[in-house]
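Just so it is clear: chains get the letters A, B, ... in the order the sequence lines come, proteins before strands, and each one is counted from 1.
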2 protein chains.
Amino acid sequence: MAAQKRLNREDLVTTALAVADAEGLEAVTIRRVAQQHDVTPMALYRHFPDKDGLLLALADRLLSGAVLPEPDDRPWYDQLRDLLAAFVEALRPHPNAAVLAFRGMVTTEPGLAVTERALALMAAGGMSVEHSAETASHILGSLVALAIVAPGPPPGADPEEGDDAVRAKRATLLALSPRRYPYVVAAAEPLAACADTGLYFDRGVDMIVSGIRDAAGTETATSR
Amino acid sequence: MAAQKRLNREDLVTTALAVADAEGLEAVTIRRVAQQHDVTPMALYRHFPDKDGLLLALADRLLSGAVLPEPDDRPWYDQLRDLLAAFVEALRPHPNAAVLAFRGMVTTEPGLAVTERALALMAAGGMSVEHSAETASHILGSLVALAIVAPGPPPGADPEEGDDAVRAKRATLLALSPRRYPYVVAAAEPLAACADTGLYFDRGVDMIVSGIRDAAGTETATSR
DNA sequence: ACCTGAACACCGTTCAAGT
DNA sequence: ACCTGAACACCGTTCAAGT
């Protein structure tokens, strides 16, 4: 991509992310990233210990895109909703790379920051340490899943290719037996690409938050 | 593993799954699976079109482990809970391979069967086609995430290795600054490995179902 | 300190050939 | 029909060397 005087760690991560967005995570390769910087593959080893190091840096980059809202005095669940929305907003543009966030939640600085805030808010909601720890890994995992399976064309790739993928997926679903899969066939359109992606993510976050409120409520109810 | 007279597609998938469980998905390789059957790598191409075909078959195997409960006359949300519980039960033993389920939901027969039943139950709950389609990909994705991030040693690998991983993870979390990450440090133990894995999955399913009930409720409320 | 070049052990996969 | 063997283009990575 951009040939420059000095190889730079951040720039390498940037092109790695670009490759992932455009061609999928399996296309990001030491040799490929090196080539895009007109450099020998071995040059990358000055900046990352190994390929796993590159991928970890990619996870870090991904999660550092989340700008966490400052704590305020609204109810804990409203603050949690905003936190989760910020988190998912960072992953949303990069569905191909989002899988990396599974590892990154506890191994990168921005991942830990999100986890910390989520734990604090659930504690404010009256959840026990054990329950909120469980719930944290659950909800953050769910949000990553939300970004991965988001129906519709991935925002990173070129729109032409994306539309082709959507068309193909819809066609596959419509080709199914309506006797065996009546509901799937009827829902082929929204399953292939949801009408409003923003709404998709908002609803996902809402569902998670209301699930947590119920869980926190029952815990408080049974504990006294 | 087992050397036999004739190469068998199902047996190949079985050893592929075993490799994934023991050493991770990146260890399952055409050459590796072939070697375990004392056969040339090329022999696998009689049974799968390419490596992707192997992985797809692996996804199919994974999802076919779910024994779907028969429809009955209980409320839709109780049936949905049982459906999701059956689904997650199939993924639970194979956290390393569970990522494949993301693709398999709409590309394998057992994946479509689960999606079909989920859509039917949400329709019974009064959800629109669009909303239930969105929600289906959300909740099934969440369950896959649940299996992937389940804290604690993976059930597939040998226990010694698993305990080492848990110990290492706990140590990493405990080494963090308690000033910056007070809640994470305090929750290091349950984050590294939850006390009761069964409870972890039950709560995950419950949270999802209660989230859906809320979503279905507000939709019905606003639509009239 | 930062980058190169050759080399090694691994991949997936094609093609022609064996039985 | 099913499997083999050699070959090719790709990986990640080590090691010794250049500036």
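Taking for each of A/Arg31 and A/Thr40 the nucleotide of DNA chain C with the nearest heavy atom, the 5'-most of the two is the partner of A/Thr40. Residues A/Val28 and A/Arg46 each lie close to DNA chain D; by heavy-atom proximity, the contact nearer the 5' end of the strand is made by A/Val28. Along DNA chain D, the nucleotide closest to A/Arg32 and the one closest to A/Met42 are compared, and the more 5′ of them pairs with A/Arg32.
Side chain of B/Arg6, nearest nucleotide from C/dT13, C/dA7, D/dC2: D/dC2. If you check C/dT4, C/dT13, D/dC3 against the side chain of B/His47, the one that comes closest is D/dC3. Of the candidate nucleotides C/dG5, C/dG12, D/dT13, D/dT13 has the atom lying nearest to any side-chain atom of A/Pro41. Looking at the side chain of A/Val39, the nearest of the listed nucleotides C/dC3, D/dA7, D/dC2 is C/dC3.
A straight line from CD of A/Gln35 to C1' of D/dC11 spans 13 Å, rounded to a whole angstrom. Note: OH (A/Tyr45) to P (C/dA1) measures 21 Å, nearest angstrom. Rounded to an integer number of Å, the gap from B/Asp11 CG to D/dC3 P is 12 Å. Between A/His37 atom NE2 and C/dT4 atom P there is a gap of 13 Å when expressed in whole angstrom units. Between the CG atom of A/Leu44 and the P atom of D/dC11 there is a distance of 12 Å, rounded to whole Å. The CG-P distance, from A/Leu12 to C/dC2, rounds to 13 Å in whole Å. Separating the CD atom of A/Glu26 from the P atom of C/dG12 is a distance of 14 Å, rounded to the nearest angstrom. Put simply, CG on B/Asp38 is 17 Å from C1' on D/dC2, counting in whole angstrom units.
Contact annotation: A/Thr29 reaches the phosphate of D/dG12 (side-chain N/O to OP1 or OP2, under 4.0 Å).
Paired with B/His37 under the rule side-chain contact (heavy atoms from CB on, under 4.5 Å), one option of B/Asn8, B/Leu7, B/Leu44 passes, and it is B/Leu7.
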Verdict with reasoning, A/Glu109 to B/Tyr181, per side chain to side chain donor-acceptor pair (under 3.5 Å):
CA-CA 10 Å; A/Glu109 194 277 322; B/Tyr181 306 110; 3.3 Å; yes

Walk me through it: do B/Thr108 and B/Arg61 pass the test side chain to side chain donor-acceptor pair (under 3.5 Å)?
CA-CA 9 Å; B/Thr108 71; B/Arg61 167 68 64 85; over 6 Å; no

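Salt bridge B/Arg167/B/Asp164: present, at least one basic N to carboxylate O contact under 4.0 Å.
Pairs of Watson-Crick or G-U wobble type, with distances under 3.5 Å, assemble into runs of 3 or more in DNA chain D at these ranges: C:4-8 with D:12-16, C:12-16 with D:4-8.
Using a 4.5 Å heavy-atom threshold, the side chains of B/Arg92 and B/Thr197 count as touching. Taking 4.5 Å as the limit, every side-chain heavy atom of B/Leu55 sits out of range of all side-chain heavy atoms of B/Phe48.
To the nearest 0.5 Å, the span separating CG on A/Leu119 from CD on A/Glu116 amounts to 6.5 Å.
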